[in-house]
K.L.:
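First, the structure itself, so that you have it in front of you.
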Amino acid sequence: MQKLRMGVLVSGRGSNLQAIIDAIESDCLAATIAVVISDQPGAYALERAQKHGISTAVVERSGYETREAFEAAILETLKVHNVELVALAGFMRILSRGFVANYPQRILNIHPALLPAFTGLHAQAQALAYGVKVSGCTVHFVDEGMDTGPIVLQEAVPVLDHDTEETLSDRIVAAEHRIYPAALQLLASGRIMIEGRRVKILADCSKGGNEKS
Ligand code: GRF
């Protein structure tokens, strides 16, 4: 079967990109990364991709007069690489409605909080400031809002009394590395059904779980 061709958009260190690469290389994710695109030329994520022989591209916002032209350049790069699914992995820009319309229900994002709590930047600091006892991470579809699309998977982690933004972020990112590849595999294997805001996960028929007791 033809493997799902993914494009991964990054801006920074790329630890989620690495988790996705590792899942592919260990046969836990039946997909291929066709291209990694960064809006930051110095992003470490680019080096991670290159180490694994993955094509990379840099599309800088400053290289374009308008947001539309910038997004058109990203879209063109995705199209050149025949990308079917876009994974945002620490990509620090909000995509326009026009961009999202090119990949309806085919763009995923990972957010470091249990949505709908703590949207936007510094979600871990927001969680600490609010005083929640549990936070976590969310994989969701991207729509035209900020962190508002239908939720695919979430994982909770405790917030401990001695936590700093850094220690909480470390605990959350470890969970991100588990659920992002898992969510992508659900999508790649056709096990996701979206009904309004609810994402239903279909049974894994390949495991033959229908035996009668
Ligand atoms: C992660 O915390 C992710 O939830 C957020 O940006 C961060 C990216 O980290 N969207 P990395 O670049 O994948 O290490």
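All ligand and atom numbering here is 1-based and tracks the order in the structure.
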K.L.:
Going by an N to O cut-off under 4.0 Å, is there a salt bridge joining Asp143 and Arg97?
P.N.:
no
K.L.:
Polar contacts were defined as any N/O atom of the residue lying under 3.5 Å from an N/O atom of the ligand; does this apply to Arg13 and ligand 1?
P.N.:
yes
K.L.:
How far is atom 7 (C) of ligand 1 from the closest protein heavy atom, and which atom is that?
P.N.:
Gly90 CA, 4.2 Å
K.L.:
Strictly by modelled atom types, are Ser11 and Gln40 linked by a side-chain donor-acceptor pair under 3.5 Å?
P.N.:
no
K.L.:
Any idea which protein heavy atom is nearest atom 12 (O) of ligand 1, and the distance to it?
P.N.:
Gly14 N, 2.9 Å
K.L.:
Can you list every pair that meets side-chain hydrogen bond (donor to acceptor under 3.5 Å, both in side chains) and has a residue in residues 82-94, with sequence neighbours left out?
P.N.:
Asp39-Arg93
K.L.:
Considering both backbone and side-chain atoms of Ile110, is one of its nitrogen or oxygen atoms within less than 3.5 Å of a nitrogen or oxygen in ligand 1?
P.N.:
yes
K.L.:
Any side-chain to backbone donor/acceptor pair from Thr56 onto Leu46? Under 3.5 Å, distance only.
P.N.:
no
K.L.:
For the residue pair His111 and His140, categorise the inter-ring angle as parallel (less than 30°), tilted (30 to 60°) or perpendicular (more than 60°).
P.N.:
perpendicular
K.L.:
What's the shortest distance from atom 11 (P) of ligand 1 to any protein heavy atom, and which residue and atom give it?
P.N.:
Ser15 N, 3.4 Å
K.L.:
Within the 4.0 Å heavy-atom shell around Glu176, which atoms of ligand 1 are there?
P.N.:
1 (C), 2 (O), 3 (C), 4 (O)
